[in-house]
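Note sheet for the following structure.
No hydrogens, no waters, no symmetry mates; every other heavy atom, side chains included, goes into these values. Sequence lines set the chain letters: A, B, ... in the order given, protein chains first and strands last, and positions in each chain run from 1.
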Amino acid sequence: MRISQLLLPTEREAPADAQALSHVLGVRAGLVRQLGAGLWTWLPAGWRVHSKITQIIREEIDAIGGQEMLMPVIQPRELWAKTGRDGIDELFSLSDRKGSDLVLAMTHEEAVTFHVSQVVRSYRDLPLILYHFQTKARDEPRPRAGVLRTREFIMKDSYSFDRDQDGLEHSYQLHIQAYDRIFERCGLEWYRVEADVGVMGGSGAHEYMAPCPAGENEVALAPGYATNVEVASATPPPADLPARLDAPAEVETPGAKTIEQVGAALSLPPSALLKAFPVVTDSGRAVMAVVRGDHRVNEFKLRAVLGEQFHPASEEQISDLIGPPGFIGPVATELDVLLDLAVAEQPGGWVCGANRPDLHLLGVEPGRDFDFEAADIRSVEAGDLVDGQPIRIETAIEVGNIFKLGTRYSEPLGAVFLDQDGCEQPIVMGSYGIGPARIAAAAIEQNADEAGIAWPRAIAPWQVELVVLGKPGTAERDAAESLYAELQDAGVDVLFDDRDAGPGEKFTDAELLGCPLRLTIGKRSLESGSLEAQARRGQVELAAVKLGDGTVAAVRELLTTLP
RNA sequence: CGGGGAGUGGCGCAGUCUGGUAGCGCACCCGGCUGGGGGCCGGGCGGUCGCAGGUUCAAAUCCUGUCUCCCCGACCA
């Protein structure tokens, strides 16, 4: 491809509103452009990256027996009513000219299960792995960070259909193999972490996380341990507690409403305090969640323990049900107390609100002074221990997920088969997603430098950018033209900067776009009968390659050494 | 949904407080010079100032409404 004929709108300056690096560089390098909030166009160079990623995914899903197909984005709302997902806020809804209710699919469990339910009759028809690359539409409340969270995006989603749980385990393991290979081939730094299964249940889930600053997720990591902080558990360093008392003692804490203020007023560390977090569930139950003062309530864990969705109690509810906000605690309250394990498992006297204005209690002991149910309801912190090893926490982009669905969709949609004994059984399903756009964004984030993007070779828009210096009609131009033709004939994936522009502009654009290998032909190199080869990153800095019969072979050889 | 910010040429911005011919840099077009890191000179094109009402002799500027976009939070099956 010649840059003179390519739509590659590079920008010297970043879009004013861009924050994330992948957003800034994606726009500056001419890969993507925004059409509206969360709506992004892939320009030719960006689409090449996207296509290379989808091809890698296709090869690896094919390799585990996946069968590619294609299902519509526009779907009958009725289908979604059957699985109870028609009430989701993110679901785009529309109707046609006849008034029929339609939705834009956010995923394709309903559609694929509908078809499988019609076609699969016998255990002999199973197992199956079906997949497609298709646009997903989600009315996100807040799209952000360029292509990282959009309202319309392409996803590879595959679905496994098995006779039983063992079959699902096998399909799940196959996907782990394929996914590990996909992210490795794409050149990402990645982790496979244990994930939350959500309110809809399911028997297991993992997420693939690519660490980078723009990520929306946090993962807890230790040697041999990788888990989404949403579900991570670890042992905290013990709290620094004062001497125990025979009974709780009131202490005046005027105006001290926060953990910090109370700790300062009493000269105690935050860990000696109890933090009360009253919540009201969707069914109307009020519960007081209690964690250590230096810990935070984990809403995913709490939701799992409560078994339903909840929201924090309002100030009015706290005043009505418990006491003055800022001075509440688990002693002598009407509410059920859910006590975090970190507190429940460490004997001693704690400090908590007295449920009266400007008063706290010292020496409060769970069990002696209040009844409780114990559960792990806190978020892990950096430095907590797993198997004796301290964990660290990194932000990351979720680039893929795998999920054991079970019969969540097969039952409402009647996807059943007859087993060997002639008994009707629900098909056991799994679903597996990957966002190619997020892989591209993560690759940018993980590999960029001050000059721009530095693509991993496997997903670069072009393997080689050939830069010619000097004005049209010169010997440099002739040499570059013939090398370009030779590289193309040899099947090398090459972008040719043949523009009538200065060297500064060409080099700067090349570094911004980030192809792994840059070849330069100019007067200087030509005089020595060679061209210059420069790696965008990695060990090969700058090398001279002789121009002649062996040039193409030498370039190919050089490419294989690049990351 | 809550909080904050922004809409002026393709991009980045000034002008708005204090109403009076719509500006700057880059990009773009033409000519010339230059040719190994966004170079130089000259000449040009391009904007209903997000939209709709209102006030006024006069509105980018003041008032009312509305739309859009961004950031933080909530949310994220």
Side-chain angles (χ1 to χ4, degrees), chain A residues 7 9-20 23-24 27-28 30 33-40 80 83-91 105-110 136 138-146 148-151 153 155 157 195-202 205 207 214-217 228 230 299-300 303 309-312 314 398 401 403-406 408-409 412 431 433 435 450-452 467-477 480 497 499-512 518-528 531-532 534 542:
Chain A
L7 181 68
T10 57
E11 294 290 342
R12 189 192 294 247
E13 291 177 85
D17 45 31
Q19 303 290 321
H23 182 185
V24 171
V27 172
R28 283 195 56 213
R33 282 277 165 125
Q34 186 174 13
L35 190 64
L39 303 171
W40 286 80
W80 289 68
T83 58
R85 296 213 296 172
D86 55 334
I88 296 174
D89 289 338
E90 282 71 29
L91 189 64
M106 347 190 328
T107 61
H108 284 74
E109 279 87 356
E110 280 81 0
K136 310 298 171 206
R138 296 184 187 178
D139 194 359
E140 292 284 350
R142 184 151 106 77
R144 59 175 294 271
L148 221 52
R149 178 171 290 278
T150 55
R151 295 196 292 175
F153 60 98
M155 181 162 108
D157 38 327
D196 182 38
V197 291
V199 272
M200 284 304 180
E207 290 161 340
E216 298 182 287
N217 298 85
N228 193 317
E230 291 170 0
E299 300 188 10
F300 293 88
R303 186 177 68 193
Q309 195 62 262
F310 67 89
H311 56 269
S314 65
E398 181 186 344
N401 62 71
F403 200 99
K404 294 175 192 170
L405 287 174
R408 163 72 181 84
Y409 293 90
S431 80
E450 321 72 49
V467 173
V468 62
L469 306 177
K471 40 184 160 181
T474 56
E476 304 90 278
R477 289 274 173 169
D497 193 346
R499 294 174 297 174
D500 184 13
E505 196 173 345
K506 292 190 174 188
F507 289 145
T508 307
D509 271 354
E511 278 151 10
L512 186 57
R518 189 179 85 206
L519 302 176
T520 308
I521 293 183
K523 194 196 277 183
R524 202 163 78 193
S525 66
L526 204 57
E527 282 168 357
S528 61
L531 58 82
E532 285 146 20
Q534 167 104 53
L542 185 65

**Message:** I want to check something: taking the side chain as every heavy atom from C-beta on, are A/D509 and A/R499 in contact at a cut-off of under 4.5 Å?
**Reply:** yes
**Prompt:** Which nucleotide, in any strand shown, forms a Watson-Crick or G-U wobble pair with B/G35, with both distances under 3.5 Å?
**Reply:** none
**Prompt:** On a whole-Å scale, what distance lies between the P atoms belonging to B/U64 and B/U55?
**Reply:** 15 Å
**Message:** Rounding to an integer number of Å, can you tell me how far A/M106 CE sits from B/C75 P?
**Reply:** 17 Å
**Request:** Write down the distance separating the P atoms in B/C26 and B/G19, rounded off to the nearest Å.
**Result:** 33 Å
**Item:** Protein-nucleotide distance (A/Q34, atom CD; B/C11, atom C1'), rounded to Å
**Value:** 14 Å
**Prompt:** Mind checking who B/U56 pairs with, Watson-Crick or G-U wobble, both distances under 3.5 Å?
**Reply:** none
**Message:** Counting primed atoms plus P, OP1 and OP2 as sugar-phosphate and everything else as base, spell out the protein contacts along nucleotides 37-45 of chain B at 4.0 Å heavy-atom distance: B, S or - for each nucleotide, 5' to 3'.
**Reply:** BB-------
**Request:** Sticking with atom C1', work out how far B/G38 lies from B/C28, rounded to a whole angstrom.
**Result:** 15 Å
**Asked** Can you tell me how far C1' in B/G10 sits from the matching atom in B/G32, rounded to whole Å?
**Response** 26 Å
**Asked** Once you round it to whole Å, what is the distance between P of B/G36 and CG of A/L519?
**Response** 19 Å
**Prompt:** At under 4.0 Å between heavy atoms, what does A/E532 touch on the DNA or RNA strands: base, sugar-phosphate, or nothing?
**Reply:** base
**Message:** Need one value for A/S525: base, sugar-phosphate or nothing, where a base atom within 4.0 Å counts as base even if backbone is also close, heavy atoms only.
**Reply:** base
**Prompt:** What is the pairing partner of B/G42, taking Watson-Crick or G-U wobble pairs with both distances under 3.5 Å in any strand?
**Reply:** B/C30
**Request:** Using a cut-off of strictly less than 4.0 Å, decide whether A/Q19 has a side-chain nitrogen or oxygen near OP1 or OP2 of B/C72.
**Result:** no
**Message:** If I pick the P atom on B/G4 and the same atom on B/U18, what distance separates them, to the nearest angstrom?
**Reply:** 23 Å
**Message:** Can you tell me how far apart CG (A/L526) and OG1 (A/T520) are? Round to the nearest 0.5 Å.
**Reply:** 12.5 Å
**Whole-Å distance separating the CZ atom of A/F153 from the P atom of B/C76** = 15 Å
**Request:** May I have the distance from A/W40 (atom CH2) to B/C69 (atom P), rounded to whole angstrom?
**Result:** 12 Å
**Asked** Within the structure shown, what part of the strands sits under 4.0 Å from A/A14 by heavy-atom distance: base, sugar-phosphate, or nothing?
**Response** sugar-phosphate
**Asked** Can you check the A/L469 CG to B/U34 P distance for me, whole Å?
**Response** 17 Å
**Asked** Expressed in whole Å, how much space separates the P atoms belonging to B/A60 and B/G53?
**Response** 14 Å
**Prompt:** Just how far, in rounded Å, is P of B/C76 from CD of A/E90?
**Reply:** 8 Å
**Asked** Are A/R28 and A/L512 side-chain neighbours, meaning at least one heavy-atom pair lies under 4.5 Å?
**Response** yes
**Message:** Only pairs with both distances under 3.5 Å count, Watson-Crick or wobble alike; so what is the partner of B/A6 in this structure?
**Reply:** B/U68
**Message:** Please enumerate all residues that pass side chain to side chain donor-acceptor pair (under 3.5 Å) together with A/N217, with sequence neighbours excluded.
**Reply:** none
**Asked** In the strands shown, is B/G73 matched to any nucleotide by a Watson-Crick or G-U wobble pair with both distances under 3.5 Å, and which?
**Response** B/C1
**Prompt:** Between the base of B/C76 and the side chain of A/R149, is there a donor-acceptor distance below 3.5 Å?
**Reply:** yes
**Any side-chain heavy-atom pair of A/V27 and A/W40 under 4.5 Å** = yes
**Message:** Assess, by modelled atom type and distance only, whether the side chains of A/D157 and A/T107 contain a donor and an acceptor separated by less than 3.5 Å.
**Reply:** no
**Under 3.5 Å on both distances, the Watson-Crick or G-U partner of B/U16** = none
**Message:** Closest approach to the side chain of A/R142, judged atom by atom: which nucleotide of B/G36, B/C75, B/C71 is it?
**Reply:** B/C71
**Message:** Nearest to the side chain of A/T520, heavy atoms from C-beta on, is which of B/G36, B/C70, B/A74?
**Reply:** B/G36
**Request:** Taking the side chain as every heavy atom from C-beta outward, state whether A/V467 and A/R518 have any atom pair closer than 4.5 Å.
**Result:** yes
**Minimum-distance nucleotide (side-chain atoms of A/R524 versus B/C70, B/C75, B/G36)** = B/G36
**Complete:** Comparing nearest nucleotides in RNA chain B, the 5'-proximal residue of the pair A/G38, A/E13 is A/E13
**Complete:** Taken in chain and number order and not counting sequence neighbours, the residues that satisfy salt bridge (Lys or Arg N to Asp or Glu O under 4.0 Å) with A/R151 are A/D139
**Item:** B/G23 to B/G35 separation - P atoms, rounded to the nearest Å
**Value:** 37 Å
**Message:** When you compare the side chain of A/E109 with that of A/R408, does any pair of heavy atoms fall below 4.5 Å?
**Reply:** no
**Message:** Can you work out whether A/A145 or A/P472 has the more 5'-proximal nearest nucleotide on RNA chain B?
**Reply:** A/P472
**Request:** Would you indicate what A/D500 reaches in the nucleic acid, counting non-hydrogen atoms under 4.0 angstrom: base, sugar-phosphate, or nothing?
**Result:** base
**Request:** Could you grab the distance from atom NZ of A/K471 to atom CG of A/D500, nearest 0.5 Å is fine?
**Result:** 9.5 Å
**Asked** Expressed in angstrom and rounded to an integer, what is the separation of A/E140 atom CD from B/C69 atom P?
**Response** 14 Å
**Request:** Determine the Euclidean distance between corresponding P atoms of B/C51 and B/A59; express it in Å to zero decimal places.
**Result:** 15 Å
